[in-house]
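Working notes, structure below.
Order of the sequence lines sets the chain letters (A, B, ...), proteins ahead of strands, with each chain counted from 1.
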Number of protein chains: 2
Amino acid sequence: MNANDPDSPDLYSIADLAREFGISTRAIRFYESKGLIAPERLGATRVFRRRDRARLILILRGKRLGFSLREISDYLGLYDADRNQQVTMLAEKVDERLNLLEQQLADLQTTIAELKEIRKLATQRVAS
Amino acid sequence: MNANDPDSPDLYSIADLAREFGISTRAIRFYESKGLIAPERLGATRVFRRRDRARLILILRGKRLGFSLREISDYLGLYDADRNQQVTMLAEKVDERLNLLEQQLADLQTTIAELKEIRKLATQRVAS
DNA sequence: CGTTTAGTTGACGTTTACGTAAAGTACGCT
DNA sequence: AGCGTACTTTACGTAAACGTCAACTAAACG
C-alpha cells in the first residue's frame, strides 16, 4: 500500500497534487470549496496530507465513472466510518451505491461486447 | 430481439418515446439538434422509427456510463458501418473506445470491491 | 532590496445539457 | 365554429464544473 511506503512524503503543496494527477490547482480549490477535501492550513497556504491525497484519488476515480461532485461527496462520506454514527444507514447507502454501480457494470459489459462484435465485422470485411 | 417482434410498432411520436424512456420531449429534440438522431418528418411533426428508438437506447446507456453527448455522438458513428468508408480507421476508433471502457470497467470493479469491504466492516460492527 | 515564484481570494466567463415559458400551427371532437 | 390536445420553433434561464483574469500577500533568491 502506498500509505505504508516510507518513501512517500506526508506533506504536499497544491501544485504537487495538481502535477501528480494532471489537474488544475483551480479544480483542487473547487473541490475544497465543495467540501470534498479539507486540507490543513499554514497561514493561508493549503497543506495536504496523505489522507487528502487519498481522497483526491477517490474523487478522480468517481469522475472517471461519470459521477457528479455531489454524488462523489456522498460517496466519500461512506469512507469516513468513524464519523458515521448510523452504521445501519451506512450499510443501506452502500447497498444503494452498489446497485447503481452494478447497473453501470452491466451497461459497460453490454457496450464492450457490442463494440467487440462491431470490430469483428469490420476486420472480417478487411480480410475478405 | 425487439426489432423482430412483430407486435412492436414501427412508428412513434416524440411523446411515445419520452414516456417509454422517462425523459422529456425537450431532451429528445435536443438530441436531434445535436445530430444524435434524425427522425423523419410528417410536415413539421417528428416521426420516429425503430432505428431512432434503438439509437435512443444507445444514447441513454451512454449517459448512464457518464459520457457526454459529444462522445456519444462519436460512439453512435461506430454503429453506422455502412456509412463508414474507412474500415481500418473504424477498427482503430473502436479499439480506442474499448480501451476507455475497460479502464472504466477496472475503476468500477475496484470501487465495488471497496464498497463491499466497507459494508462488511459495517455489518461486523452491527453484529458485535 | 527589488523581483521572480508560489500561493491566496474574489469575480466574471464558458460549456454542457437540458428546463421553462411564449407564441404559433394542426387535428379531432362536439 | 370553438375547444382541447399534441405538436412545433425561438429564446431566455439554470446548475455544474471548472477556466481565466485581477489584485494581493509571502517566501526566496541574487
Give me the distances for all protein-to-nucleotides 20-25 of chain D N/O pairs that come in under 3.5 Å?
unit_1 : atom_1 : unit_2  : atom_2 : d
D:dT20 : O4     : A:Arg26 : NE     : 3.0

Of the candidate nucleotides D:dG19, D:dC18, C:dC18, which contains the atom at the shortest distance from the side chain of B:Ser24? C:dC18
Return the nearest nucleotide to the side chain of A:Phe30; candidates are D:dC18, C:dA17, C:dT9. D:dC18
Distances for protein N/O vs nucleotides 3-7 of chain C N/O pairs under 3.5 angstrom?
unit_1 : atom_1 : unit_2  : atom_2 : d
C:dG7  : OP1    : A:Ser13 : OG     : 3.2

With A:Asp107, which residues qualify under side chain to side chain donor-acceptor pair (under 3.5 Å), at least two apart? A:Gln103, B:Arg64
A side-chain contact here means heavy atoms from C-beta on lying under 4.5 Å apart; do B:Glu20 and B:Arg53 qualify? yes
Between CG of A:Leu56 and P of D:dA17 the distance, given in whole Å, is 15 Å
From CZ of A:Arg70 over to P of D:dT14, roughly how many Å is that when rounded to an integer? 21 Å
Which pair of non-hydrogen atoms, one from A:Ile37 and one from A:Ile59, has the smallest distance, and what is that distance? CG2-CD1, 4.1 Å
Contact summary for A:Phe48 and A:Ser13, nearest pair of heavy atoms: CD1-C, 4.0 Å
Specify the residue among A:Arg41 and B:Leu69 whose closest nucleotide of DNA chain C lies further upstream toward the 5′ end. A:Arg41
Would you say a side-chain N or O of B:Lys63 is under 4.0 Å from OP1 or OP2 of C:dC18? yes
